[in-house]
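For the single chain, residues carry numbers from 1 onward in sequence order.
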Amino acid sequence: MEDTNSEPWNMPLEKRIVELEEAKRSHKKVAVILYPEEDKASSFRYRGYNIYQTTKKSNKWQLIYFFLNEIDAVFKIIPEVEILIFGRITRWSPQFDELAKIARENNVCILQDLDDCVCGTKYIKDMFNVVSPDFIDQEYWINTCAHYELISYFTDGFIVTNEYLGEKLSKAHDNKPYKVIKNFLNEEQISLASTIKKEKTSDFTIGYFSGSHTHLTDFEVAYPELFQLLNDYRDIRLEIVGMLELPKSAEKFVKNGQIIYHPMVDFLTLEKMQASVDVNIAPLADNIFANCKSDLKFFEAGLVKTPTVASPTFAFAGSIKNGENGFLCRPGEWYETILKMYQDKKLRVEIAENAYRYTIENYTPESNLKQIEEVYDYYVKK
């Protein structure tokens with residue numbers, strides 16, 4: 001398999017400044033997004049890099065990304081841009097107020113881009129049911145959500161990943177407007193997918209790609225039924241990638257090799273791992289926080305022709321047509337649904353092919369460019 005660059009966003013500041021200047025010379029409008037550097041491999045990939053890459057093909061707009069340690073450069077280029085976007089910045093700074101003031105003086109629209117319901121304390125108790133019962137962890141999230149809200153005070157509106165999240169944020173922030181730019185794939189993922197050959201083992205493998213510790217409660221939605229499957233069928237395995245603390249009832253399956261744990265990996269390695277499993281699962285608790293999440297676990301698996309079984313949250317219910325391009329499961333339905341996939345290879349292949357077609361139609365850069373342009377046009381009215 002070809003060598004791939006797992007951090008394509010790591011390009012010099014000078015190169016991005018040149019691209020901004022070239023965009024202006026081409027009479028394109030420019031949006032700038034500011035992100036914390038430590039988030040490069042997380043939500044920034046979807047909300048910054050992928051949109052930057054996509055708008056390079058636009059005749060109207062170009063997004064350029066900057067990190068907080070480059071904020072001095074942002075101060076200098078503010079007079080040249082039309083939109084300033086604050087990404088998932090977890091710590092407010094007086095510099096942001098100063099930057100917003102300069103943006104206002106130059107008629108620059110100021111927005112906040114969020115992919116979780118983490119702005120302000122209105123829905124914070126709902127988050128506690130998802131994240132952790134630990135007091136220190138809760139204190140962290142109370143502080144973090146307050147920092148997000150401090151930034152929201154000087155913004156003109158939100159860009160979000162789905163309508164459900166947008167409505168919650170708008171309601172909690174004096175009905176400020178919101179627009180949706182959904183998460184989607186980048187060119188590196190699509191290119192890699194074309195080279196991946198699905199290699200099958202004799203075991204049937206369920207993949208759970210947790211991503212972060214905020215999925216602890218989510219896994220509880222399905223694990224009793226998953227463990228029952230492992231108990232009933234010794235050739236079923238569960239591969240877990242990411243941060244997840246398993247319950248004690250999982251110990252025997254870890255010891256006998258039916259549960260295999262992998263630490264977090266880069267996004268291209270993750271893609272190969274998603275291709276290697278028979279079924280991808282995405283259980284989510286039924287609450288406000290979970291319904292605000294995107295359907296990225298569905299379309300990333302769909303790209304490599306792996307079928308997904310997911311909870312019927314807002315985003316998954318909007319993209320998965322139950323029994324056609326995936327399955328939606330409530331508690332009590334996971335065992336029978338996955339068993340059906342285990343017993344029927346033809347069904348797995350059919351679902352996977354449908355998921356792939358749906359993904360290519362809806363989650364490529366090309367299929368999302370128009371929506372990006374329309375969102376930016378909405379906030380910068382002609």
Side-chain angles (χ1 to χ4, degrees), residues 30-39 42-44 46-48 51 63-128 131 138-181 288-289 291-293 375-381:
V30 173
V32 163
I33 190 165
L34 187 62
Y35 240 90
E37 188 170 5
E38 64 270 17
D39 204 342
S42 185
S43 64
F44 163 75
Y46 304 99
R47 312 309 298 164
I51 298 174
L63 177 75
I64 303 290
Y65 57 87
F66 293 86
F67 301 106
L68 287 182
N69 63 341
E70 300 167 337
I71 195 170
D72 289 345
V74 179
F75 273 96
K76 294 176 182 177
I77 55 90
I78 277 294
E80 301 179 57
V81 309
E82 280 73 29
I83 297 177
L84 170 64
I85 306 169
F86 287 87
R88 283 195 58 145
I89 296 172
T90 58
R91 289 185 179 276
W92 172 85
S93 164
Q95 277 188 304
F96 302 154
D97 283 347
E98 184 181 351
L99 185 60
K101 180 176 180 292
I102 295 172
R104 288 270 178 266
E105 292 171 351
N106 286 274
N107 297 314
V108 175
C109 179
I110 307 172
L111 303 173
Q112 188 172 26
D113 186 290
L114 292 169
D115 57 357
D116 271 328
C117 198
V118 292
C119 187
T121 57
K122 182 175 178 63
Y123 306 110
I124 194 74
K125 286 188 288 186
D126 187 75
M127 184 191 293
F128 288 167
V131 178
Q138 291 178 359
E139 283 292 291
Y140 167 81
W141 280 107
I142 289 173
N143 290 331
T144 298
C145 290
H147 281 271
Y148 281 125
E149 189 159 49
L150 285 170
I151 293 171
S152 74
Y153 290 153
F154 53 69
T155 60
D156 300 306
F158 299 101
I159 298 176
V160 295
T161 45
N162 68 46
E163 295 280 349
Y164 187 98
L165 172 57
E167 290 178 5
K168 294 299 179 184
L169 289 174
S170 180
K171 183 178 179 181
H173 295 86
D174 300 322
N175 295 315
K176 281 189 176 183
Y178 71 89
K179 286 291 177 179
V180 174
I181 296 177
I288 291 172
F289 188 75
N291 278 283
C292 290
K293 289 189 171 294
V375 168
Y376 290 170
D377 283 344
Y378 170 85
Y379 281 115
V380 180
K381 299 177 177 63

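- In this structure, Phe66 has its ring center no closer than 6.0 Å to that of Phe75.
- Ile89 places none of its side-chain heavy atoms less than 4.5 Å from the side chain of His147.
- For the atom pair OG of Ser93 and CG of Leu99, the computed distance is 10.0 Å after rounding to the nearest 0.5 Å.
- With hydrogens and angles ignored, the 3.5 Å screen pairs a side-chain donor or acceptor of Asp156 with a backbone N or O of Ile110.
- Counting heavy atoms from C-beta outward, Leu34 and Phe96 have side chains that approach closer than 4.5 Å.
- With values rounded to the nearest 0.5 angstrom, Asp115 atom CG is found 13.0 Å from Phe44 atom CZ.
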side-chain contact (heavy atoms from CB on, under 4.5 Å) between Trp92 and Phe86: does it pass, once the steps are laid out? CA-CA 11 Å; Trp92 172 85; Phe86 287 87; over 6 Å; no
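- We find the CD-CD1 distance between Glu105 and Ile78 to be 11.0 Å, quoted to the nearest 0.5 Å.
- Side-chain N or O atoms of Asn162 include one that pairs as donor or acceptor with a backbone N or O of Tyr164 at under 3.5 Å.
- Under a cutoff of 6.0 Å and an axis angle of 45°, Lys176 and Tyr178 do not form a cation-pi pair.
- Side-chain atoms of Arg47 come within 3.5 Å of backbone N or O of Ile181 as a donor-acceptor pair.
- Contact detail for Phe67 and Pro36: the closest heavy-atom pair is CD2-O, 4.0 Å.
- Closest non-hydrogen pair, Cys119 versus Phe158, comes out as SG-CE2, 4.5 Å.
- Taking CD from Glu149 and CG from Leu169, the interatomic distance works out to 10.0 Å, rounded to the nearest 0.5 Å.
- Remark: the backbone N or O of Val30 is paired with a side-chain donor or acceptor of Glu82 at under 3.5 angstrom.
- Judged by distance alone, the side chain of Thr144 and the main-chain N or O of Tyr140 form a donor-acceptor pair under 3.5 Å.
- Salt-bridge formation is not detected for the pair Glu167/Lys171: no Lys NZ or Arg NE/NH1/NH2 atom is positioned less than 4.0 Å from an Asp or Glu carboxylate oxygen.
- Not one N or O on the side chain of Tyr123 forms a donor-acceptor pair closer than 3.5 Å with the backbone of Ala172.
- Taking all atoms of both residues into account, the shortest heavy-atom contact from Ser152 to Gln112 is CB-OE1, 3.1 Å.
- Inter-residue side-chain proximity for Ile85 and Leu63 is flagged as met; some heavy-atom pair is nearer than 4.5 Å.
- Heavy atoms from other residues, nucleotides or ligands lying under 6.0 Å from CG of Asp174 number 12 at most.
- In this structure, CG on Leu111 lies 5.5 Å from CD1 on Ile83, to the nearest 0.5 angstrom.
- Taking all atoms of both residues into account, the shortest heavy-atom contact from Asn106 to Pro79 is OD1-CB, 3.6 Å.
- Dense packing is recorded around CZ of Arg104, with more than 12 heavy atoms of other residues, nucleotides or ligands lying under 6.0 Å away.
- Of all non-hydrogen atoms in Leu165 and Leu114, the two that sit nearest each other are CD2-O, 3.5 Å.
- The minimum heavy-atom distance linking Tyr379 with Lys179 is given by the pair OH-N, 3.6 Å.
- The pair Lys293-Asp116 meets the salt-bridge criterion, with a side-chain N (NZ, NE, NH1 or NH2) lying under 4.0 Å from an Asp/Glu carboxylate O.
- One finds the OG1 atom of Thr121 at 14.5 Å from the CH2 atom of Trp141 (value rounded to the nearest 0.5 Å).
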